[in-house]
Peer 1: 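Dropping a structure here in structure tokens format, bear with me for questions.
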Amino acid sequence: MNSVPLSQQASARPPSGGETGLPGYLKGLNAEQRAAVEATDGPVLVLAGAGTGKTRVLTTRLAHILATGRANPWEILSVTFTNKAAREMKERVGAIIGEAVEGLPWLGTFHSIAAQILRRHAELVGLKPSFTILDTDDQLRLIKQILQAEGIDDKRWTPRHLASLIDGWKNRGIRPEKLGEEDRWTFADGKADVLYRLYQERLKVLNACDFGDLLLHNLTIFTENADVLALYHRRFRYLLVDEYQDTNVCQYLWLRLLARGSGNVCCVGDDDQSIYGWRGAEVDNILRFETDFPGATVIRLERNYRSTGHILGAASGLIRSNRSRLGKTLWTEDDPGEKVQVRGLWDGDAEARFVADEIEAFVRSGNQHNDIAILVRASWQMRAFEDRFIMLGLPYKVIGGPRFFERAEVRDAHAYMRLVRSAEDDLAFERIVNVPKRGIGETSVQKIAAAARSAGVSMSEMAGLMVQTDEIRGKARTALQVFLRDVERWRAQADTMRHDELAEIILDESGYTAMWREDKSPQAAGRLDNLKELIRSMGGFDTLEAYLEHVSLVADLDQASDGDEVSLMTLHAAKGLEFPLVFLPGWEETVFPSQRSLDEGGTASLEEERRLAYVGITRARERAIISFTANRMIFGRWQSVLPSRFIDELPPEHAEAKSETGYYDAGPGFAGVSEPADPFRSAYDSPGWKRFKAAQESGARRDPGVIEGKAKLIESGDNGAGGFKRGDRVFHLKFGYGRILVADGAKLTVAFDKAGEKKVVSSFVEKA
DNA sequence: CATCGATAACTTTTT
DNA sequence: GTTATCGATG
């Protein structure tokens, strides 16, 4: 997923070892790394700082246990957080051992392993082994239905809110009956426990569970069935946990139960890189490790093989402001390199221009776009960069972003398949009875739902009954008849046909593909491509079940990682990656640290923001460039903003403010530049200055008169190269259809139907 | 029952 | 600035 070529991924570059008589895989590890590999028995905590060769230690350790015959591949439980990490580990262990690692059946993410276990013992928690795993979307719709059924105002108490509460409880291992008195009152005037229970009951009826249930059900099974737990105690002789700082309470309890068997549990992590507190991760888990597992060996990896001295110095200085941490001191033998740069800009557009200019200069001096990443706090910040890059024709890719399996068209297609596979799947039924529009409206669906629920049968079944009565009339009735008959037919075909072929037929015959083909919106083409991609990726699985399991546990499809492109992503998505040049824009109070972290959560959440900053800086190998602006458009409104406190916390000896324009020199107190009068601040606050800068900086963009003036001038020069000329209709992947206003060589000014007037490079559009 | 327009609510971060 | 939702109209 989203990967950068291997050469760019975290990789230790230890000194070449001169040891002889050692197994090859141990050579080249430094003393601490080797200790971490060889401490196989008992509880071990490896505190692996950024860039200290964590993945290498983990994979070598696994290889070591196998190579020394301490355990068979199926006796090792290795858990990671992301599928990417799991995949990488499989690959690297395979490379060391030199054979296929299909034999590591218990290497995977927490969720995929929990799902595996749950499928084997589903009956113990009242599910059938074929249970479906709901995604957030299904979950929300289910909760909404429950709220409506209970007569709760779903505006005042949003499904989203309840979903996040339930999620939080599950993360902490709390089942409905154990919900505390005070938690009850967190939602709908004391009804929280009732709603939580109803939700769980409804899941059971649907033979489904949500993400949090995967682990929570495991916990229930283990605590209530000693024999089952004993089975896994016997099975797992070694436990290996990656990114331990990201575990939540439920995952921690799960691990503790399993570790009670062999006692050989090795957790690798970095408390300074704990950035998932908002979804239940407990830094405490790693901070408490030594008390939780008495007699634990703790090994610190502090030698960094990734970044220059200044980058490490800046990052270390920053993270020192955090109070709750175990404390590590990263060091390197590399050059100090160049200081971390800090740049102040006027607004977001200026920042994007600055970054793009720096990128072009960097590439001109012989570097690759692939060597560069821009890391932002939140995805809305990406827009300014994308706009600029599109205009310049600068190649870039967004890592993370909207995910394939969560796209509406993909989920619709899945719903069709789910319904064909199982008539019981009410959520799937509801989702697509009327997609594409068949004339079966809200009222009909509600009628079916109500009747089905009171009769205790599935909606499909109830619909089948109702078309034979006068319950539903007219257009809706015939449409429903046709729909049910179609589903029946597909279901009959399912036995004799490959599942990907069938999927194609379903999408065709249901009119779903046609719906998008007739859609003229800019995204329609992309959606059709996604459907094609979906069919293609289904082909890679033996059964429909295997495919559906995959999509519910894997967040994304592998992105083709070819092409020389700048990477644009959030700080969260950047964890584990590294780049020679890293841009860290948007370092302003309320943006980073985010408003939310300032409003709620107190010190803990501010410290998490700081860790995020730390993660950002430590992604850089050679250069890190931090920037902030004086004005930022937030919610479509211009606000003047202050430089982030994190900038003040950078040690002056490792960071420097660079300024060319002269209107900004240094942030308040930054870099030891003491400016008692603080001219910068006062200048910024002066309205006159603002008006002046606003006029000067952004006149061209914000004043339509200027643009038109320029446009007219060039227009008279008429057509440009590339076969595009004024008046041509064009299509752009992001902006949709539009008409060319100005063609100036490869630079086009296009009035897009939806997106408005944009400047783009001709290679980004095609004739419509 | 569907379509269009207005309005309100909103943005972290994701297995 | 956008996207989801709601209400009035065809």
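The chains referred to below are lettered A, B, ... by the order of the sequence lines, with proteins before strands, and numbering in each begins at 1. All values below were derived from every heavy atom in this structure, side-chain atoms included, with hydrogens, water molecules and symmetry-related copies excluded.
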Peer 1: Between A:F131 and A:H217, is the ring centre distance below 6.0 Å?
Peer 2: no
Peer 1: With side chain to side chain contact (heavy atoms under 4.5 Å, CB included) as the test, pick out the partner of A:V376 among A:M569, A:R383, A:M382.
Peer 2: A:M382
Peer 1: Are a donor atom and an acceptor atom from the side chains of A:R610 and A:Y614 found within less than 3.5 Å of each other?
Peer 2: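 No pair is found: no donor N or O on one side chain lies under 3.5 Å from an acceptor on the other.
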Peer 1: Can you confirm whether more than 12 heavy atoms, excluding those of A:R119, are under 6.0 Å from its CZ atom?
Peer 2: yes
Peer 1: When the nearest nucleotide of DNA chain B is assigned to A:E609 and to A:K437 on a heavy-atom basis, which residue is associated with the more 5' position?
Peer 2: A:K437
Peer 1: Starting at atom CG of A:D137, determine the distance to atom C1' of B:dT14, rounded to an integer number of angstrom.
Peer 2: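 Going from A:D137 (CG) to B:dT14 (C1'), I get 14 Å.
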Peer 1: Less than 6.0 angstrom separating the ring centers of A:F385 and A:Y396, yes or no?
Peer 2: no
Peer 1: Quick one: are the ring centres of A:Y276 and A:W278 less than 6.0 Å apart?
Peer 2: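 Judged by ring-centre distance (under 6.0 Å), A:Y276 and A:W278 do meet the cut-off.
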Peer 1: What contact category does A:D599 fall into here, base, sugar-phosphate, or nothing, at under 4.0 angstrom with non-hydrogen atoms?
Peer 2: nothing
Peer 1: When rounded to the nearest 0.5 angstrom, what distance separates OG in A:S605 from CG in A:L598?
Peer 2: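 Atom-to-atom, A:S605:OG and A:L598:CG are 7.5 Å apart.
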Peer 1: The side chain of A:W380 is closest to which nucleotide in this list: B:dA2, B:dT11, B:dT15?
Peer 2: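 Nearest listed nucleotide: B:dT11.
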Peer 1: Nearest to the side chain of A:H111, which nucleotide is it out of B:dT11, B:dT15, B:dT13?
Peer 2: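 Selected nucleotide (nearest to the side chain): B:dT15.
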Peer 1: Quick check: does any side chain N or O of A:T158 sit under 3.5 Å from a backbone N or O of A:K155, one acting as donor and the other as acceptor?
Peer 2: no
Peer 1: May I have the distance from A:F211 (atom CZ) to B:dT14 (atom C1'), rounded to whole angstrom?
Peer 2: 9 Å
Peer 1: Roughly how many Å is it from NZ in A:K575 to P in B:dT15, rounded to a whole number?
Peer 2: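 Spelled out: NZ on A:K575 to P on B:dT15 is 11 Å.
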Peer 1: Between P on B:dC10 and CD on A:Q595, what's the gap in Å once rounded to a whole number?
Peer 2: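 About 14 Å, once rounded to whole Å.
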Peer 1: Figure out the CZ/C1' separation between A:R610 and B:dT13, and round it to whole Å.
Peer 2: 18 Å
Peer 1: For the ring pair A:F81 and A:H111, is the centre-to-centre distance below 6.0 Å?
Peer 2: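 Here the rings of A:H111 and A:F81 have centres that are no less than 6.0 Å from each other.
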Peer 1: Where along nucleotides 1-10 of chain C does protein come under 4.0 Å, by heavy atom, of base (B) or sugar-phosphate alone (S), with - for untouched nucleotides?
Peer 2: BS---S----
Peer 1: Rounded to whole Å, how long is the line connecting atom CG of A:L140 with atom C1' of B:dT14?
Peer 2: 14 Å
Peer 1: Any side-chain N or O of A:R160 less than 4.0 Å from the OP1 or OP2 oxygen of B:dC10?
Peer 2: no
Peer 1: So does A:D210 pair up with A:K170, basic N to acidic O under 4.0 Å?
Peer 2: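 Between A:K170 and A:D210 there is a salt bridge, with a charged N closer than 4.0 Å to a carboxylate O.
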Peer 1: Find the distance A:H550:NE2 to B:dT15:P and express it as a whole number of Å.
Peer 2: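 Going from A:H550 (NE2) to B:dT15 (P), I get 12 Å.
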Peer 1: Which residue lies toward the 5' end of DNA chain B, A:D167 or A:R438, if each is placed at its nearest nucleotide?
Peer 2: A:R438
Peer 1: So which of residues 270-285 of chain A are in contact with DNA chain B, with a heavy-atom cut-off of under 4.0 Å?
Peer 2: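 By residue number: A:Y276, A:W278, A:R279.
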Peer 1: Think A:N171 has a side-chain N or O under 4.0 angstrom from the OP1 or OP2 of B:dT15?
Peer 2: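 For B:dT15, OP1/OP2 do not have a side-chain N/O of A:N171 under 4.0 Å.
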Peer 1: Quick one: is B:dT13 close enough that its OP1 or OP2 comes under 4.0 Å of any side-chain N or O from A:S605?
Peer 2: no
Peer 1: Determine the contact category for A:S444: base if any of its heavy atoms lies under 4.0 Å from a base atom, sugar-phosphate if only primed atoms, P, OP1 or OP2 are that close, otherwise nothing.
Peer 2: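 Sugar-phosphate contact only.
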Peer 1: Find the distance A:Q381:CD to B:dT13:C1' and express it as a whole number of Å.
Peer 2: 11 Å
